Number of protein chains: 2
Amino acid sequence: MASARYDLSGRTVAILSTHGFEESELLQPMEALREADATVKVISLSSSSDQIRGWADGDWGESVKVDAVVSDVSAGDFDALVLPGGVINPDKLRMDSDAVDFVRAFFEAGKPVAAICHGPWLLAEADVARGRDLTSWASIRTDMENAGANWVDEEVVVDQGLVTSRSPDDLDAFVDKMLEEIFEGIHSGQHT
Amino acid sequence: MASARYDLSGRTVAILSTHGFEESELLQPMEALREADATVKVISLSSSSDQIRGWADGDWGESVKVDAVVSDVSAGDFDALVLPGGVINPDKLRMDSDAVDFVRAFFEAGKPVAAICHGPWLLAEADVARGRDLTSWASIRTDMENAGANWVDEEVVVDQGLVTSRSPDDLDAFVDKMLEEIFEGIHSGQHT
């Protein structure tokens with residue numbers, strides 16, 4: 001297991017998500033972070049309930065407990081941020097200014113951010129994709145490029161604390177690099 | 001009824017859509033076009049089945065019959081194009097190069113295009129939004145502006161044969177202007 005290589009005890013990681021997250025893209029990173037002894041908090045919108053519903057195999061799937069509402073927390077409370085995909089999830093998050101400001105604050109602080117599938121959309125919304133090497137689900141490639149990103153078709157792309165992947169098929173590589181970047185901590189090249 | 005004001009007999013209109021279309025955003029325009037005596041064809045992807053499933057009230061809804069696959073038709077077969085929303089639907093369509101080329105061809109020919117909600121995303125993908133006044137569902141505002149559009153927060157925006165609206169709440173105004181623009185026919189200001 002990749003997680004055994006990194007001791008993240010004492011680190012607190014936010015997973016920002018709402019209804020419609022791709023189930024595996026939230027659960028697999030969460031499990032790997034907990035195995036590495038990180039504290040993981042699921043952060044969602046005030047309009048979400050205390051449980052958010054995942055998406056799997058083209059339909060609604062399992063629910064996950066929400067730990068805090070994004071308007072009640074700040075990037076200063078966390079060491080890193082994880083953004084799962086699922087087309088419905090970031091489509092809702094990006095309309096919430098607290099969620100978008102929360103994402104941007106991790107970049108301002110140089111903290112690691114890991115985004116997969118449709119998750120990188122939030123980077124376009126927060127205007128932190130400009131000049132960064134990244135990947136995403138293919139459908140949003142044009143949006144990411146129009147937001148100034150250098151879009152790359154690889155299973156995982158690491159750019160100064162920013163870790164991105166394309167789909168659930170890339171999860172093993174994504175989780176491995178996510179743990180490594182969070183272990184390393186602040187990256188001065190992670191910026192807005 | 002607005003449709004009574006426009007006689008669209010002899011006109012053929014394509015509705016390009018796949019699974020996850022917002023039910024009302026396909027059905028209401030289709031019904032209004034048929035009431036105005038237009039011929040309406042539902043065009044979808046080869047990967048879709050002969051029925052595509054709609055989305056209503058946050059879950060899968062009713063299905064609609066597909067009349068033709070996009071790779072088997074061309075913009076020359078139609079007088080106008082309608083693009084319903086629903087977040088899942090254009091997210092799938094924009095990854096299909098035949099679908100994107102089909103959309104672009106209506107702009108090249110100056111033919112009316114009506115897009116609602118997440119439908120305008122296809123205009124970003126086809127790179128035909130540049131310099132155009134339009135609206136959309138709020139979540140994709142940033143993507144549309146990054147694609148060069150002048151995004152306006154109004155129930156319906158008409159720009160030289162391009163009709164756009166924000167959500168199902170705007171459907172009455174959207175359908176009214178859609179019928180008017182299709183009735184007028186070719187618009188020289190509709191371009192790529």
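Bear in mind that the values here come from a model prediction, so they are computed numbers and not experimental data. Every chain is numbered from 1, with letters handed out A, B, ... down the list of sequences.
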With respect to chain A, which residue among Lys92(B), His19(B), Glu145(B), Glu125(B) yields the maximal number of heavy-atom pairs within a distance under 4.5 Å? Glu125(B)

For Trp55(B), I'd like to know if atom CH2 has over 12 heavy atoms of other residues, nucleotides or ligands within 6.0 Å. yes

Among Val87(B), Asp91(B), Leu93(B), Thr142(B), which residue forms the greatest number of heavy-atom pairs with chain A at distances under 4.5 Å? Asp91(B)

Using heavy-atom distances under 4.5 Å, tell me whether His118(B) contacts chain A through its side chain, its backbone, both, or neither. side chain

Salt bridge check, Lys65(A) against Asp67(A): does any charged N sit closer than 4.0 Å to a carboxylate O? yes

Check this for me, if you would: do Arg130(A) and Asp127(A) make a salt bridge, where the nitrogen-to-carboxylate-oxygen distance has to be below 4.0 angstrom? yes

Verify the distance criterion only: is there a donor paired with an acceptor across the side chains of Trp151(A) and Ser136(A) at less than 3.5 Å? yes

